[in-house]
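Worksheet: one structure, shown below.
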Amino acid sequence: MKKIVVLTGAGISAESGIKTFRDDDGLWRNHRFEDLATPSAWQQNPQLVLDFYNVRRKQLLECKPNAAHLALADLENHFQVQIITQNVDDLHERAGSSQVLHLHGELRKARSTKHPELVYLLDSWELKLGDNCERGAQLRPHIVWFGEYVPHIDEAIEQVKKADYFIVIGTSLVVYPAAGLVDFVPKNCPIFLIDPKTKLSDDTTNVRVIAEKAAIGVPKLVQQLIQQKL
Ligand code: APR
């Protein structure tokens, strides 16, 4: 079975109602990320950091996967599909994708500040000061903050190296090491880029640009790939 590796960013969840980071109304527009998504922010003002993620977690519980997430889940009936996402939402999983690698963590999970191997799925939207792990240490959002190591990057690189098709959806490709994954795509592997505002043009070798919103462009591409295969 051919292997399709998909790298997704905030743009794939935009039509589910989740703000992106760098679009005009993006999340960072109202906040400096230095104030929120860094270990020093957590040290200086843990309540502010908890509030930032609580607001996003509450919003996530009201959102649902869109046609792009669902089309990628459908692709698993025809190909081996590995999703590598920068997103911390669980919309890929809720759509039915079974192989999802989160590079930047998972919003619905929390982990111990003293025993990072202790990770918990939160059953509500709110994580508070005083919510502790089973060994009594404060819980923190299970998010990879700027300056922190990206634990699954090596596994992601190995997956990209084995791709027969590589699809990039809804990412500005400005944050490393995630953006660097494109450098590991095998030489003759077709690359598809789905983004309404991408800077890349079609003549970039081996890249087919689909300048559409994900909920339109992804189902179209998935249908083409399935028809090509059948
Ligand atoms: N469909 C497809 N793409 C879209 C849509 C849409 N409906 N709306 C916006 N986009 C595109 C934008 O054109 C942009 O290229 O999605 C991309 C979003 O880029 P960012 O907001 O930078 O999000 P992302 O690339 O995921 O950010 C990477 O930065 O702040 C960190 O950890 C955070 O994981 C995040 C990382």
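Whatever order the structure lists them in is the order used to number ligands and atoms, beginning at 1.
Residue D195 places a heavy atom under 4.0 Å from ligand 1.
Checking A14, S16, G170 against atom 18 (C) of ligand 1, the nearest heavy atom belongs to G170. Among A214, P196, A179, the residue whose heavy atom sits closest to atom 4 (C) of ligand 1 is P196.
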Check step by step if side chain to side chain contact (heavy atoms under 4.5 Å, CB included) holds for I169 and L72.
-> CA-CA 11 Å; I169 307 169; L72 292 178; 3.9 Å; yes
List the steps and the verdict of side chain to side chain contact (heavy atoms under 4.5 Å, CB included) for L225 and H78.
-> CA-CA 9 Å; L225 290 171; H78 306 274; over 6 Å; no
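The cationic group of R140 lies under 6.0 Å from the six-membered ring centre of W145 and within 45° of the ring axis, placing it in a cation-pi geometry.
The list of salt bridge (charged side-chain N to carboxylate O under 4.0 Å, His left out) pairs with a residue in residues 162-180, not counting sequence neighbours, is empty.
Interface atoms of ligand 1 facing K197, defined by a heavy-atom separation under 4.0 Å, are 13 (O). Here is the list of ligand 1 atoms found below 4.0 Å of a heavy atom in F146: 30 (O), 31 (C). Proximity to H104 (heavy-atom distance under 4.0 Å) selects the following atoms of ligand 1: 32 (O), 34 (O), 35 (C). Proximity to E15 (heavy-atom distance under 4.0 Å) selects the following atoms of ligand 1: 1 (N), 6 (C), 7 (N). Interface of T20 with ligand 1, defined as ligand atoms under 4.0 Å from a residue heavy atom, comprises 21 (O). Ligand-side atoms of ligand 1 in range of G9: 26 (O), range being under 4.0 angstrom from any heavy atom.
For the pair Q138 (side chain) and K128 (backbone), a donor-acceptor distance under 3.5 Å is present. A donor-acceptor pair is defined here as one N or O able to donate and one able to accept, closer than 3.5 Å; no such pair exists between the side chain of Q86 and the backbone of A10. Put simply, the side chain of T38 gets close to the backbone of A41: a donor and an acceptor are under 3.5 Å apart.
Backbone and side-chain nitrogen or oxygen atoms of N87 are examined, and none is located within less than 3.5 angstrom of a nitrogen or oxygen of ligand 1.
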